[in-house]
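Note that these values count all heavy atoms, side chains included, but never hydrogens, waters or copies made by symmetry.
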Amino acid sequence: MGSTVLSLRIDGELLGRLKDHAAKRGMSVQDYVVRTLIRDDFDERFKTAVEETERFYGAA
């Protein structure tokens with residue numbers, strides 16, 4: 001999988017909070033944001049899979 005550039009414009013306060021969260025984990029802001037997006041994407045896909053399974057088998 002290749003990489004692509006995504007540019008964001010955010011205010012200074014949000015950037016400061018992102019830097020704090022990333023520093024606590026020993027990560028760069030870029031890595032922290034990417035991991036957060038990946039985690040949210042996984043959570044959404046997992047939720048969808050559970051809902052589809054419940055529809056197929058019926059909710060317990």
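Partners of Ser28 under the side chain to side chain contact (heavy atoms under 4.5 Å, CB included) rule, at least two apart in sequence or in another chain, are Gln30, Asp31. For Leu14, the side chain to side chain contact (heavy atoms under 4.5 Å, CB included) criterion is met by Ile10, Asp11, Arg17, Leu18, not counting sequence neighbours. Residues forming a side chain to side chain contact (heavy atoms under 4.5 Å, CB included) with Phe42 (at least two apart in sequence, or on another chain): Arg45, Phe46.
Under the 4.5 Å side-chain heavy-atom criterion for Ile, Leu, Val, Met, Phe, Trp and Tyr, Leu15 and Leu37 are members of the same hydrophobic cluster.
You'll find the side chain of Arg55 reaches within 4.5 Å of the side chain of Glu51, heavy atoms only.
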Quick one: do Leu8 and Leu6 satisfy side chain to side chain contact (heavy atoms under 4.5 Å, CB included)? Show the steps, please. CA-CA 7 Å; Leu8 300 172; Leu6 171 66; 4.3 Å; yes

Apply side chain to side chain contact (heavy atoms under 4.5 Å, CB included) to the pair Val50 and Glu54, showing each step before the final yes or no. CA-CA 6 Å; Val50 169; Glu54 288 176 347; 3.8 Å; yes

Output side-chain donor-acceptor pairs under 3.5 Å for residues 20-27, partner residues at least two apart or in another chain, one line each.
| unit_1 | atom_1 | unit_2 | atom_2 | d |
| --- | --- | --- | --- | --- |
| Arg25 | NH1 | His21 | O | 2.9 |

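Cluster note: Val5 groups with no other residue, as no ILVMFWY side-chain heavy atom lies under 4.5 Å from it.
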